[in-house]
Amino acid sequence: MEPPKGFRASLLQFFIFLPYFIGLLFLGFIKGIVLCPLVCLVVTIGNSAVILSLLPVHFVWTFYSIVRAKQIGQILKFFLCLCLPAVIILWLVLGILASVLGGALYGFFSPIFATFDAVGEGKPYPFFHCFYDGTWSTVKRSFTVVRDFKDVCFHSYFSLMDELRICCPDQKHYEIRLLQLPGAVIVSALGILVDLPLITLVAICKSPYMLFKGWHRLFHDLIGREGPFLETMCVPIAGLVILLWPLAVVGAILGSVVSSIFLGAYAGVVSYQESSFYYGLCFVVASVSIYDEYSTDILDMPEGSWFPRPKYRENETESTAFSGPIPRLGSVKNTASTREGSVKVPMIDIKPLDLLDGLFVECRKFGDALASKGLINSKDIEDARSSKGSQVISIGLPAYGLLYEILRSVKANTTGLLLSDGVTELTTKNRPKDAFFDWFLHPLLILKEQMKATNLSEEEEEYLGRLVLLYGDPERLKNSYADSASPTLTERKRAELDAFARRIQGLTKTVSRYPTFRRHFVCLVKKLSEDLDLNHDGSVKEEGSITEAPAPLRYFRGFSVRVKDRSEEKGVSMDPIKKRGRVFQEVCISFNHAWDIWWMF
């Protein structure tokens, strides 16, 4: 559908669209009001149960990990142990309150957005889907939210604690300077007292400009069919943004108020780092100017600030986190300057979940190939299920996939990372807009450039892949070359490859703490177990010889892997008594799985 040309046609299209939009909004509000209590109840009860059940474990294990950490000094350990009860209580209160608020907001807004998305261009049966979409899917995703939260509180937490207790040679030793603490605490308190009212005042004064500037931009795009209104399927959702824009302005003000607390408290960090009470006070004054310049750049207002900005670092450089005007990809100024280009060339928007899905698809392909070579065995899968022992599947296999994605990009001579489809390139421009995604992308790009400069041969790439996969196990690495000769490497080259392997494994371990990683990882282990079991000697067990559930049907950490009946696949008839036994076994397995899910929540 082409956008209307001319002002009259655009205005007529707008008035025709308005009743249609109001009807969808009313329907979405009804679904949101109905589902909001249910979704809020599910998320609140599920997350609160996870928090309360793991609270004693978190307290004891955090205390134990802090005491056993070798890179933390004795004075800092004592200080952290004193603050630990307050942190645990704060985690309990904020976790439950955030679950209530997040569940209510998600349960209300998710059906509304799903209602508008259901009538997008190219969607089949829009009348049915505008009623159905966002109902059952929202309820299911609320359970997924609880599951991901449980994975973060359990698997990601213990991964962080294990890393805290394990001291690597290249890690720094952290200690606290007692003489600097009183001054830092005083400066932090002064920073909060000064920055909180001033930044709040600045945000309130700029909020009318943000409100009318945003409305002007959105209405201009709506009439001219530009920006978010360029695609027909985006028009209803973008129209909803016009109505909800005042809420976005209120949220920006509240976010500024909250950020002013942390920005003011950071003055104590500056005072401690610079060992100077004076520099901490300078940052208290400069932080208001920093916020003013940042908000000015976002709103495309005239550059500069009326507030003073004294020097707060002894050796201040231009690349510090709080120096100079901060250009943003999402600022109004940058968006306006690239609008014409965005109409002609659509920007590829890559989402973090899509990247994670692509990574695990690659992991399964590599897993099948490596299992056929004998580099991955059933014991590795059993260890991955129990989260104990070998980390070949949990860390090595995803790291192996990241390594070959980097090598693929090096061979294609791309500026970014070339994804598995061989066409899409992940760069700093089309990366996901999440700020923490930079923690993963920039190290990978740096690592790509370093590998490109190293100019690895095929034998060295193969050796590096096995080194990454086997997680540095020297015995298994040596046995993997039993049928072929291992490459002859100099000491320098071996050290370079070991450094590359450690960095890729470290990045993979960081990615493994992402909330949805564990859920994708469980599916990967299921599929690898099924493939390995189906390809294992190809024989079919006699039904009468089964005395217990086979290994893929055993339960490990709340999930199971089901294997299809091979005799039915091959068309072999089954005795009725044995068939009833098989049905009973499947019912028992389903009951156990439902019991595990109920116990998890």
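Numbering starts at 1 and runs along the sequence shown. Computed from a predicted model, the values in this text were never measured in an experiment.
When each of D195, L201, V202, L196 is checked for a side-chain contact (heavy atoms from CB on, under 4.5 Å) with I199, only D195 meets the rule. Applying the side chain to side chain donor-acceptor pair (under 3.5 Å) test between Y157 and each of D162, D151, T62 identifies T62 as the sole match.
Using cut-offs of 30° and 60° for the angle between ring planes, the Y64 and W61 rings count as tilted.
Contact detail for S142 and V43: the closest heavy-atom pair is CB-CG2, 3.9 Å.
Judged by distance alone, the side chains of K206 and T296 do bring a donor and an acceptor atom under 3.5 Å apart. Inspection of the R518 and S512 side chains reveals no N or O donor paired with an N or O acceptor under 3.5 Å.
No more than 12 heavy atoms of other residues, nucleotides or ligands sit less than 6.0 Å from atom CZ of R68. Other residues, nucleotides and ligands place no more than 12 heavy atoms under 6.0 Å from the CZ atom of F63.
At least one test fails for R313 against the ring of Y279: distance under 6.0 Å to the centre or angle within 45° of the axis.
Note: W245 CH2 to K213 NZ = 11.5 Å, rounded to the nearest 0.5 Å.
A heavy-atom distance below 4.5 Å is found between the side chains of R141 and S110.
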Practice task
Give the C-alpha distance, both sets of side-chain angles, the deciding distance and a yes or no for salt bridge (Lys or Arg N to Asp or Glu O under 4.0 Å) between K448 and E405.
Solution key: CA-CA 9 Å; K448 179 184 75 72; E405 184 169 315; over 6 Å; no
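Of the possible donor and acceptor atoms, one in the side chain of S207 sits under 3.5 Å from a partner among the backbone N and O of I204. E175 places a side-chain N or O within donor-acceptor distance of the main-chain N or O of Q74, the cut-off being under 3.5 Å. The backbone N or O of S256 lies less than 3.5 Å from a partner atom in the side chain of S259, making a donor-acceptor pair.
Applying the ring-ring contact (aromatic ring centres under 6.0 Å, His included) definition to pairs two or more places apart or across chains, those involving residues 82-111 are F29-F108.
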